[in-house]
Amino acid sequence: MHTFSLLIIFLNFYPLFWCQMLPASIKKCRFGDTICIADTMNYVIRNFPKGIPEIGLKPLDAVSVKDVLLVDDAQVGVAWFQFKLIDQINYGFENTTITQIKGFDQDPTSSSMEIYGTIPSLTYKGQYIARGRMLWLVDVNATGESESDFQNFRFSLKLKVIPEYRYNKTYIKIYELVPDINIDRWIQWLDDFFYENTDLTIAMNRLFNENWVEFWNELEPSILRTFASVFRHIIDDIFEKVAYNDMFLPSKEAMGL
Ligand SMILES: *[C@@H]1O[C@H](CO)[C@@H](O)[C@H](O)[C@H]1NC(C)=O
Ligand SMILES: *[C@@H]1O[C@H](CO)[C@@H](O)[C@H](O)[C@H]1NC(C)=O
Ligand SMILES: *[C@@H]1O[C@H](CO)[C@@H](O)[C@H](O)[C@H]1NC(C)=O
């Protein structure tokens, strides 16, 4: 009889052992207290650049990124270009400052969740593959190291989430993340763009850097898609591991007041 009731109690509480709690040093906030929430996010970013695996926070000082097909013209005509970034790592997320938060109410679906922030310098390092034909009929068939630096990277993320119920707790899952990004400058270096002609490689990189605004405008949809996936890579696991309510102080209703 005793064993049996112990078993019942154990089974009832068992899921609790699975639920991930925030480390005690992290100050929790009231639902919707957007100033407190921004402070807490900044505290976590500053103090845990290597992440917190238990709550699904990945290392922020080196974020690996899915391969990106940035430009993918059909191989026709006198000018086409295909450009792919592979094995890329983002450096600099550990220097993010969250500047503003909206939403994060008790009912996570009642208002739009928004996160605003800045990063002094966000760099992208990895390999690139470029294929193409330029107007002056130079064929491009290059691969090499690439490095990109987005300076004064300012972002806003608008999240739409759906609640998911597990073990009587509400978790949230992102179903849409819309980023908006502004930068002061984009500096890029592609090594070996013209493998046998260093001067031309330098000229091409200079052309890019002097006209980065045009490239940014042209590539913005692909860039935003890429960053949407990078930000989801950073955030998704946290929402997966930590129940939404556990991120906040207990509400008055929950305490029966
Ligand atoms: C992050 O900020 C620190 C301190 O300002 C700086 O030394 C470091 O280079 C920055 N990291 C990146 C990747 O920009
Ligand atoms: C491009 O270069 C790679 C090796 O660097 C080679 O295997 C491939 O055949 C080249 N493609 C074209 C279209 O020249
Ligand atoms: C969830 O809560 C309901 C009602 O409070 C309870 O009957 C049920 O046993 C709980 N389920 C779990 C898995 O804790």
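We count ligands from 1, going down the list as the structure has it; atoms in each ligand are counted the same way. Only heavy atoms go into these numbers, but all of them, side chains included; no hydrogens, no water, no symmetry mates.
Salt bridge Arg154/Asp184: present, at least one basic N to carboxylate O contact under 4.0 Å.
The ligand atoms of ligand 1 that sit less than 4.0 angstrom from a heavy atom of Gly92 are 13 (C).
Under the 4.0 angstrom criterion, atom 11 (N) of ligand 2 counts as having a protein heavy-atom contact. In this structure, atom 14 (O) of ligand 2 has a protein heavy-atom contact shorter than 4.0 Å. Distances from atom 3 (C) of ligand 2 to the protein include at least one heavy-atom value under 4.0 Å.
Exactly one residue among Tyr124, Phe208, Trp212 makes a ring pair (Phe, Tyr, Trp, His ring centres under 6.0 Å) with Trp186. That residue is Phe208.
Given atom 8 (C) of ligand 2, the protein heavy atom at minimum distance is Asn141 ND2, 3.8 Å. Distance from atom 9 (O) of ligand 1 to its nearest protein heavy atom, with residue and atom name: Asn95 ND2, 4.8 Å.
When ring centroids are compared, Phe231 and Phe93 come within the 6.0 Å threshold. For an aromatic pair to be called close, the ring centres must be under 6.0 Å apart, and Phe153 with Phe227 satisfies this.
Note that CD of Glu164 and CD of Glu240 are 7.0 Å apart. Values are rounded to the nearest 0.5 Å.
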